[in-house]
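Worksheet: the structure to be examined is printed underneath.
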Amino acid sequence: MNELNYTTDEMMTVTASRTLRNGAVCFVGIGLPSTAANLARLTHAPEVVLIYESGPIGSKPHVLPLSIGDGDLAETADTVVSTPEIFRYWLQGGRVDVGFLGAAQLDRYANINTTVIGDYWKPKVRLPGAGGAPEISSSAKEVLIIVKQSARTFVEKLDFLTSVGHLRGGDSRQQAGLPGRGPVAVITDLCVMEPDAQTKELHVTRLHPGVTQDDVRKATGWEIKFSAECGTTEVPTASELTTLRDLQHRTSVAHGRTSAGK
Amino acid sequence: MNELNYTTDEMMTVTASRTLRNGAVCFVGIGLPSTAANLARLTHAPEVVLIYESGPIGSKPHVLPLSIGDGDLAETADTVVSTPEIFRYWLQGGRVDVGFLGAAQLDRYANINTTVIGDYWKPKVRLPGAGGAPEISSSAKEVLIIVKQSARTFVEKLDFLTSVGHLRGGDSRQQAGLPGRGPVAVITDLCVMEPDAQTKELHVTRLHPGVTQDDVRKATGWEIKFSAECGTTEVPTASELTTLRDLQHRTSVAHGRTSAGK
Amino acid sequence: MAKITTLSDAVRDLIHDGDIVAMEGFTHLIPFAAGHEIIRQRKRDLTLIRMTPDIIYDQLIGAGCARKLIFSWGGNPGVGSLHRLRDAVEKQWPSPLAIEEHSHADLANAYVAGASNLPFAVMRGYAGCELPKYNETIKTIDCPFTGERLAAVPAIRPDVTVIHAQMADRKGNVLLWGILGVQKEAVLAAQRSIVTVEEIVDDLEAWPNACILPSWVVNCVCEVPHGATPSYAHGYYQRDNVFYRAWDEISRDRDRFTAWIQRHIIETKDFSAYERVLAG
Amino acid sequence: MAKITTLSDAVRDLIHDGDIVAMEGFTHLIPFAAGHEIIRQRKRDLTLIRMTPDIIYDQLIGAGCARKLIFSWGGNPGVGSLHRLRDAVEKQWPSPLAIEEHSHADLANAYVAGASNLPFAVMRGYAGCELPKYNETIKTIDCPFTGERLAAVPAIRPDVTVIHAQMADRKGNVLLWGILGVQKEAVLAAQRSIVTVEEIVDDLEAWPNACILPSWVVNCVCEVPHGATPSYAHGYYQRDNVFYRAWDEISRDRDRFTAWIQRHIIETKDFSAYERVLAG
């Protein structure tokens, strides 16, 4: 295949979408996760089941939702249940294969902060808060995280632990009684990280084409490790890029702005 | 008004129906309670809201249901919710004004047995069991009981306490933490009984026309008390009797038998 | 994804001797065809869960399929007793039947807990009622905020849940309406599930917020027209009240019952053959 | 039975200074008209509950109506921050705002407990999450059967719940569809309730098992067309995404915000007057 022009954001989204297997039941966070999950649905995973916390099950939106409760999500769903039912019967019920989340801060064990930067009672930045994430990260059988990488985001220590990844590493997550297996991959605009089988510390398993280990080090707030077999991500295919761009174009027409899903 | 011919069963049903006030939200047991509640709806209480444990809210059945989940109950309801929701949001939720129950055995404090006659593990007669009654008798703001009177039914001591009336009398019901006020009347084919304000023991407040105190004593397994102002029940009106008989006729045509709702 | 298959294959593949089986449907949509098939395949030692055992469990109990019954109201609705249930409890015929008895509110909450993957449910109930003396699965719990004492009941988690619904589409998405009972919760609480339906259609054409069980929470979908008779299927056929009354006589006598089961179920190939025999 | 009345009367009669008020609607059917009317009537010291405060609470907070916010996700969906919420939390403008923060699953369960008249809800959640350190309403409870430790959260019991729905009939029975959120639970958990609707019709013509709130669980029904805009009403109008983005600028600056509230809400008689001003 010929080399194509693509942005680092597109690289990230396409890579994340590829990690979703066909037929998986995916609890989707808004923004980047929703973009990647819908790209998966429109490419290799037509049978993926998308669940949104507002209630739609099996959504097949024509455009990307701006909010977690857009009408298109309901209209294209197999069914729409109440929000309590989504959290009780479907997420806590253990029916979700993949929880697909974003993050404001992330640490080496893929624990997530979406609550505050700075002190909780005197925050430097007040973030939106927990939403569905603590229970998604707890109850989904596995978790995928998609987030743009920077040293401000990938930090040595979280200001606040909102949603558990692998807690303090090792089997500490399991010991804490969380039912799901936790994060299996973190997909950024630079690379793919996966937890070490034993320590559960994130290490880079694939670099996106053109990205160096040094680029990743500079964009990580701790001393990031690289897998011995660290490979290179496959570039987006023409078909993936076309599908993604068409989706984003339809979305911007529908929402009246340049780009949704961010 | 002229004296009309009516049966003791009709006297009982009409009297019970009159105790339901218009607009009351009534959780209806199948059989006699359902007959009386629907008669009330078709006479003086057109705005009564009938809830059945199978899920219908605001049922206005054309004929009496043979079972608690007849299709007519659903078709004529304002809405039909799941059975868990009926018990959780509507009954336990404290939204039911009147629980309308039958009984196999009843004691002086209007406690009800619908479980077994004889020993629980070696029953003489195995009755159907609790169904919705324990929580109806507990959570409804007040309870009406309709039951044919005999010394076998009105017993000194229940073989099994399925659903609490006034427990051991006095404030024992309240002490046990039951939210509703408990039974306010027991309507039989002989008389109307109400709990004493203090002791909560049932005493006869009205005799049906032609019934003597002795008739009631013979049909009661404990030494039944009579109110000092014990009066006589008003006889059924022509309109009440016509409505009841029409309802029962429609019912027997629909169900293919002489009489439903018993 | 649900497999669309025959009822015979579904029961053979998913229900094993000794399983905990819930077959729900509150008067409406009772899965009689599936009950018959369990009898036909001579499943044994089942723990049967159902709020209202109804005729369906009277048949299974009398036919010797059950070792235990978990229930909350055991009558023939509008008619009287379930004679096979009583005979099993009172006289151990055809074999002893352990019973575990609850209230409706309890079992409804227990199914909700099962569907929610919680180990127990909290309810305001049973105060003063003697059932907890005879059923050690009913406990109490104190509210950590108010100190109020409430009832705690364990979640129901059947090995298999069997229900009947009006429709499925060709992917196996199931739609039911009318009196919904606890069917959704019973399916979601179970490890495996079988849904018989009146018909399989191209498109459910479901209205907003309809009660739908997505294909991927159901194991087998089987098209069995009239599969809920003598109970009813809203929009398809009425309850056969005459049969419910006739059952009182059929089931009163052991020999008559046994002959009925033999002729109507054991000797018929499937539910449509049963219906032909019943029609005479 | 619900009273069919004006929104102005409903807010005047049912919402008092110092009340605990829940205004729900998950992106869909957010009761903006009612929020405006609360600002217009200068209600004060409210404890506001909402899973997603959204612009509606940004307006109420910035207008000085609230003393406390109970919430689980406080952003402008698809846009960014809620500047008035942040200014109140970070800089106590226009007055200090206490916050009590939960997760979505917690609040959803807490509404269910409220609707069920239980003092608390049990959920599997918060394990490892730091929120319980900062919110003492989140406790733990041990399963009396398995010993498993679970989270326990207190029921939500608002003084008043306000929602918007698509339709009511002339008796005041309310029908909503599409994304239902926690509205039914929020109404059933409350002491009093106000429902604004797109239209009042002769007959709801509701499909089986539709989400209906019977008239007798609602206090006031008010016909307010477009009453959920800039959010949306399924079947009536779309979400005004342009307004959601514009709000980012309007709300960023205290003076601009105050002028906007003055011109659009305080100086307008009702929601239709607001809409005329907004249209220019």
Side-chain angles (χ1 to χ4, degrees), chain A residues 20-28 41 45-60 69-99 132 135-141 177-181, chain C residues 1-3 108-122 155-158 161 165-177 180 182-193 195 201-219 221:
Chain A
L20 253 193
R21 72 170 185 285
N22 195 20
V25 176
C26 180
F27 203 106
V28 192
R41 182 176 59 79
E47 306 287 314
V48 72
V49 177
L50 303 188
I51 295 183
Y52 287 81
E53 65 195 15
S54 57
I57 296 173
S59 277
K60 295 162 276 287
D70 275 19
D72 201 29
L73 296 177
E75 267 171 21
T76 62
D78 292 327
T79 183
V80 181
V81 302
S82 73
T83 299
E85 184 179 321
I86 276 288
F87 281 104
R88 290 159 55 88
Y89 289 3
W90 299 85
L91 179 60
Q92 184 178 269
R95 269 166 267 281
V96 171
D97 296 318
V98 180
E135 284 74 26
I136 297 171
S137 69
S138 161
S139 283
K141 288 176 195 152
L178 290 95
R181 289 190 296 277
Chain C
M1 295 288 288
K3 203 161 106 180
N109 275 290
Y111 275 119
V112 168
S116 305
N117 190 25
L118 287 174
F120 72 109
V122 176
I156 295 175
R157 301 305 302 260
T161 285
Q166 279 104 333
M167 277 186 190
D169 65 20
R170 298 193 192 285
K171 290 179 183 164
N173 296 300
V174 171
L175 169 65
L176 54 164
W177 71 85
L180 301 172
V182 293
Q183 282 99 304
K184 183 176 193 167
E185 287 76 13
V187 167
L188 295 181
Q191 304 302 310
R192 306 184 291 280
S193 59
V195 183
V201 299
D202 288 333
D203 186 344
L204 296 176
E205 291 172 8
W207 43 90
N209 311 116
C211 180
I212 285 182
L213 288 163
S215 175
W216 51 275
V217 297
V218 175
N219 292 77
V221 169

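In this text the structure is predicted, and so the values were computed from the model without any measurement. Each chain gets a letter, A, B and so on, in the order the sequences are listed, and its residues count up from 1.
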What distance do [X] atom [atom1] and [Y] atom [atom2] have between them, rounded to the nearest 0.5 Å?
X: C:L204; Y: A:T79; atom1: CG; atom2: OG1; value: 10.0 Å
X: A:E85; Y: C:N209; atom1: CD; atom2: CG; value: 10.0 Å
X: C:W216; Y: A:D78; atom1: CH2; atom2: CG; value: 9.5 Å

Select one option (side chain, backbone, both, neither) describing which atoms of A:E75 are under 4.5 Å from chain C's heavy atoms.
neither
Contact class of [X] relative to chain A, heavy atoms under 4.5 angstrom:
X: C:K171; result: neither
X: C:A210; result: backbone
X: C:V217; result: side chain

Heavy-atom distance under 4.5 Å between the side chains of A:R95 and C:N117, does that happen here?
no
Min side-chain heavy-atom separation A:V49-C:P214 under 4.5 Å
no
For atom NZ of A:K60, is the number of surrounding heavy atoms from other residues, nucleotides or ligands below 6.0 Å larger than 12?
yes
